[in-house]
Amino acid sequence: MAADFLISIASKIGECLVTPIGRECGYLVNYHSNLASLQREIEDLCRKKDGVQGLVDAAKRNGQTIKPDVQSWLKNVNDDMVKKVLQFEDEINKKRRCVYRWSLSRKAYKITQHVLQLQNKGTFENVAHPAPPRKIWSTFKEGFKDFKSRMAKINEVIEGLKREEVRLIGICGMGGVGKTTMVKEIITRLAELNLFDEIVMATVSQSPSVKTIQSEIAGQIGLKLDEDPESVRALKLYGRLTEIKRILIVLDDVWTELDFKAIGLPYEHTNKGCKILLTSRNLEVCNEMRSQQIIEVGTLTTEESQELFREMVGESFDDPDLHSTPKDVVKECGGLPIAIVTVGKALENKKKHAWEDALNQLRNSNPVNIPGVDSKVYSSIKLSFDGLESDEARSCLLLCCLFPEDYNIRIEYLVRYGWGRGYFSSIVTLEDARNRVHSLVDQLKRRFLLLDGGRSETTKMHDIVRDVAISIASRDPHRFLVRSHAENKEWPNLATYDTISLVGNLEIPVGCPKLKLLQTMNGRFSKGRLDIICDAMKELKVLALVGMAMEDLGSSRSPGVLKNLRTLILDESDFVGMSTDVIGPLENLEILSFRDCYYMHELPSEIGRLKQLRLLDTTNCKNLKVIPHGIFSSLCRLEELYMMGSFDKWDLGTGREDKRMASISEVMSLSHHLKVLSIELPPNFIHLLPKDVVLKSPTIKFAIGSTKMLSEMFSEMFWEMTTYAFRNSLIIDEGDARELESQAVRLLLKKSEKLFLCKVKNFSVLTDLDQEGFQDLKYLTLEHCPNTEYLANGTSVTQQTPFPHIQSASQLPNSFLTNLRFLRLFNCDVLKYAFSLSAARNLVQLEELDIGDCDQMEEIVSKQGREHENEADIISFNKLTKLSLCHLPSLVGFFQANKLYSNQEETTPRIEHQSAGIFEKAIFPSKCISWFPSLEEVELSDMEFEGVLFDLKIHIVMDGQTSPTCPQLRKLKISECSFTHLWKNIPSGFQGFQNLRYLELRRCYGLEYVFSHLIASELLNLEEVKIGGCRDMETIVRITEENEEEATKDMILFPKLNTFALQYLPRLTSLCPAGSTFQWSSTKNMRVEECHKLKTLGAVIPQRKKLENKSEKDSTSHDFSTSPTRSSNWCPDGCGCIPYSRPNAQRPIEILPRPINQEVTPTNLEDSNDDDNLEDLIVLGCNSMEVIFQLKGPEHEESSHSVEAFKKLSYLGLVRLPSLMCVWETGSSQPMFTGSSFGNLKLLRVYSCNQLKYLFSSSIVKLLASVEYIEVTNCEQMEEIVAAEEETAEIITLPKVKVIRLESLPKLKYFCGEAYTLKLPSLDLLRVINVQDLRPFDSKLVDTHNPRLQVKPAFRQKWTRYALD
């Protein structure tokens, strides 16, 4: 670690303190004090650095973005200061004579000043930004059916959004036709096209809430809106949205005209980069909101309907016994996707009589009139509802319609409401009821009546299904009433209703004698309301006041009449300072919940009177500080207690009883009937657990511990701990393992499925904590455990144990960690390895391994004691899919192969060796690389390894066939690491890594290249490559000397590459060897930035989606001798690729850089194909670039035939190319690009290309049939836009050009030569600024046929902008 390194250096500096005192003047006088001061300040700096690094590590694990100033400060400490002190140390060691003391003292003083500056700058209020919000499209599920009728509409919307003048598009169609599904697919496609910087989506619904819409949009752009008035929130939102240059706002399910200003959306023409896409069931709404383009979505065609239905019902669709019934059923669904899906799922695997009954119901149903819902949709959903297997399932679905539209419905609410209503008559415990409800929800999802929610343990309801469910529930025998504050309706006769749900500020109605369930949400509970409830709703069984601003909880006498009330929910409500006497008389109450009541300070003592209470929930009541002693011991039927994230002031059981708080002993006394126990404990809580306490129920489900640290560092884990389907979990934050001897703690450790140990000292081996081997443990995290040396050692006896009464096992239990799925080890300073070989054999279920900041760790798996070498051959982490390693400075490899294989014998399966030689230092040594057959993702960070990532010297041969290495690896992400090679010692016939999809390298040092050609040839499925900040990188693919004979000149590299990004690679000179071809045909995004020595992309076929290139011109070029034999795949001179030649086997490989390349996309005429998908090409900051599209082959292969290429290119941007001489270069023969080449180019921008004299040749401009926008700015040498190739008179037409912008072109004289007649029939806008010598567009030369364009030939000296309205 850098800190230890600095301290060791400082210690050496301290040796100089014993030198005799010299002359007492100036620096010489202060020699000792200066060195002592330096030593002291360095130690202080190291302590501060360790503190900052700890915060940074925690922030990274929580997905946060580290601030640049923090990164810079750590770099200054870790790199610059280390270097400076190291140099000073060397100088001290060399200059020990007194004569040098003055200069050494002076230098020590200056370094000390620098250290003090770093200390002063190392104080940070926050080290990181919150994690950026997830992009909305990342939450969408796949499954869109690209029917022809839908794709036409999608393309129409996307093309409309591309048009500059279109700012609002409406999509309308009846409910259930698939508008929302279509919009989600449009968003996904727009994200790939990169048309917008941000895309956000909000559901408006029939009862729109301005605050909800504001919050949805704000959350997706990382804006935090406080609980201000709507108008203040609107201003904040508006300000943030207008800062985003290109944003699409999608408003789904709009019922009435919206006031954009009230919400805070850019309106009118305030932000031209903001576009809005809305969906509505009403065409008039789209018109009222002034949609410039309206897309009407109709029903599916007969063929599409049958295809979708067939997918739902499977083989039944073609069952001959059903005859035409399936097609008749499809016909009754009316081409509506939601109807087809719900009916299809209802009939899946059903017999003939069910099909015929369904068809009869669909034909004879009598749907009610629901606004926006087609009668066929109603009939289809009603059929699916009636076809549910049980009343429980139907009741569960109807409970879901009580919640607002697009609401994430907590499944736990369905449990508690259903229990209160008595829906589960045959179920005895709440846990059984919970399991039943989750099973019912899964069943309803399979029927497409419910959807996945936005968070775990939640579900959603499609708005159409909700509308139908409300309609069904409103009639006998259910009689539900669901109202929102936005609905201005009179109350019906409520005498027969048994369920009412109110959302918003609605007064609770009276006259509901049969009411059994009342839910109010997000409103105000005014004074006297509870008295009304008690007087008018005496049959009430469930009362839920969710998110309510409480003015009064009622009088103490009133609730006594609510003798039937079984469930009381007060979640998210504020009743601070109010009397809670009302709770005591609820003698039959079984469920009481205060979840998320943040301001509740004290748990009402009246709860102790609730003798029937089965469930008490105070989860996330963060300010709950007082629970009087005796409450819990009175709850004799309590089954479930949820207190995670709330009260943690547990009493030790001493002092006066009337002054005492609740104690852990009191809670544990309930354990004979408790089924679920989830409680918050403070750090270092072990002393609170009485040694004689026993968990009496062997099946109790528990979550116990301090979650404060979890909430700060592992928010996802904290969220899981506060749900209701958690696993048995124990979190010990601070403690001494010698205190863990009580029977209760032993049982908790033994039964834990999730175990989190942080700052637990005095245990060296994990088996000290459970001699039976943690048989149930699935998730294990160790953080800051200072004495832990390893997790398990299967051969040696533990020398010291914190438990004197228990003999440490001499042999590892056979069941040790056999169920472990997830292991995280962090900041365990003396941990040298995790497992011995024999212990590693047990990890057959391990799926994820995450290790970081363990300074002494040398290996993950280590051979220990008398373990036999051959045990390594039978280890296999068959289920390990993800491996993460971070800052392990002592690591020599996953497993030290070199201490095993000095006398390796051949085994079965046979081990293939390369030529003799020592084994490489490698993260994955060759001996253990076969241990990971299922590994999918590897992440490495902050690893100064100075070795190899994958050593492939040994590989497995089974039955004469090579066994592929890491065959399932899909993602490899490496940041801030140092390696000499990623892959090395690649044997002949090697196979592996064939499924790698994603590779990212960030700030990796020591690597001169990424892939050898043999590895590159294996990566046929590679889709995304991102490489940045690798200062030593010279090329991407290299033909290595050891495998030169196997190199082929005609390699096709990365045929499926979609994204390719190269950034800040100062030494990069080439991408691939001569004769190799990057298959750019499927590339969608390409970015090349700050690669100062890169001369070309080396591409043969120009098929990139996006390229951004920044490079500096290299003033030096070198001659080289080309190989006598050239590949038929021509690699042009100057491409920058490194050639290789091997005249004979004795000569070494000659590697010389090529001359400066002058082209981005040299076109190979022989290999051109019809599969180029390049849509956007941006060339940025390439100081050496002289030509973009070279339209000629090499001189000795001059070709006269023409090709079609770049047919999909729609955007071309050329920025800051100071050497660019021409965009399109043509040879002496006829042009090579013809037909539809560049025929889709719509937008062209050229900026600061100071050597460019013209933009198009006349032959090229004829291809640009679709160009709409031309912008040329700051090009000092530009003389004309279209250059003449011949002097013959000719008519040039740009039929679709709408906008031309010309600015700061001091030498521009003509748009095109006088020999040409230019026709611009669609020109709407001409903007010309600071172009003094340009001859105006004369009507003799320009035929626009556009009456809106004003041609003013008088303007010669000062052109300005004029819009044509």
Side-chain angles (χ1 to χ4, degrees), residues 345 388-400 402-403 408-461 517 541-542 544 566-567 569 571 589-593 595 612-617 619 637-644 670-679 695-704 719-729 751-754 776-779 819 821:
K345 278 301 175 182
L388 291 172
E389 284 80 358
S390 65
D391 288 337
E392 288 179 346
R394 285 184 280 272
S395 297
C396 183
L397 183 68
L398 295 184
L399 284 177
C400 291
L402 300 179
F403 298 88
N408 283 311
I409 305 166
R410 281 194 183 130
I411 297 175
E412 186 66 16
Y413 279 147
L414 307 181
V415 176
R416 298 176 185 186
Y417 291 6
W419 181 273
R421 287 295 304 266
Y423 288 161
F424 316 115
S425 56
S426 62
I427 289 179
V428 177
T429 68
L430 281 164
E431 183 67 10
D432 291 340
R434 185 173 295 107
N435 292 333
R436 175 69 60 84
V437 171
H438 277 269
S439 175
L440 293 172
V441 169
D442 289 341
Q443 176 187 331
L444 294 169
K445 286 181 181 178
R446 290 193 296 271
R447 295 292 184 88
F448 288 90
L449 292 170
L450 290 180
L451 308 170
D452 287 331
R455 303 197 73 169
S456 61
E457 296 190 33
T458 66
T459 187
K460 277 190 176 184
M461 204 174 202
L517 187 155
K541 293 185 176 182
V542 178
R566 300 178 69 192
T567 297
I569 308 288
D571 293 358
L589 193 67
E590 298 184 13
I591 294 175
L592 176 59
S593 178
R595 183 186 175 109
Q612 302 299 319
L613 196 66
R614 292 171 176 257
L615 182 151
L616 176 62
D617 189 353
T619 302
R637 297 193 64 186
L638 195 67
E639 295 178 13
E640 299 185 1
L641 178 60
Y642 299 96
M643 300 183 66
M644 195 60 75
L670 307 175
S671 61
H672 63 282
H673 52 77
L674 268 179
K675 305 295 183 183
V676 179
L677 175 61
S678 174
I679 57 174
L695 288 176
K696 299 174 184 177
S697 172
T699 60
I700 190 170
K701 180 179 167 184
F702 61 85
I704 298 174
W719 166 254
E720 292 174 3
M721 298 284 287
T722 57
T723 59
Y724 300 95
F726 56 81
R727 300 175 183 272
N728 285 348
S729 305
K751 293 292 185 180
S752 290
E753 295 184 42
K754 287 188 174 184
D776 296 329
L777 194 62
K778 293 181 173 63
Y779 300 84
N819 282 305
R821 265 74 166 173

Spatial distance of atom [atom1] ([X]) from atom [atom2] ([Y]) [nearest 0.5 Å]:
X	Y	atom1	atom2	result
R416	L615	CZ	CG	4.5 Å
I679	M644	CD1	CE	7.5 Å
R434	S439	CZ	OG	14.5 Å
C396	L450	SG	CG	6.5 Å
Y642	L677	OH	CG	10.0 Å
L777	S752	CG	OG	7.0 Å

With no hydrogens and no angle check, is any side-chain donor or acceptor of [X] less than 3.5 Å from a backbone partner on [Y]?
X	Y	answer
R394	L388	yes
R821	N819	yes
D571	R595	yes
T459	L451	yes
N728	F702	yes

Check whether any side-chain heavy atom of [X] lies under 4.5 Å from a side-chain heavy atom of [Y], and answer yes or no.
X	Y	answer
R614	L638	no
L430	V676	no
R637	L613	no
M461	L397	yes
I411	Y724	no
K345	R446	no

Closest non-hydrogen atom pair, [X] against [Y]:
X	Y	answer
S390	L440	OG-CD2, 4.2 Å
A433	F424	CB-CD1, 3.9 Å
G418	L399	N-CD1, 4.0 Å
A393	Q443	CB-NE2, 4.0 Å
T723	F726	O-CD2, 3.2 Å
K460	N408	CE-OD1, 3.1 Å

* Asked: Residues in side-chain hydrogen bond (donor to acceptor under 3.5 Å, both in side chains) with R421, at least two apart?
  -> D498, T499

* **E590/R566 salt bridge by N-O under 4.0 Å criterion** => yes

* Asked: Which class fits the ring pair Y413 and F403: parallel under 30°, tilted 30 to 60°, perpendicular over 60°?
  -> parallel

* **V437 and its side chain to side chain contact (heavy atoms under 4.5 Å, CB included) partner, picked from I427, D432, L414** => L414

* Asked: Out of E639, E640, H673, which residue meets the side chain to side chain contact (heavy atoms under 4.5 Å, CB included) rule with T429?
  -> E639

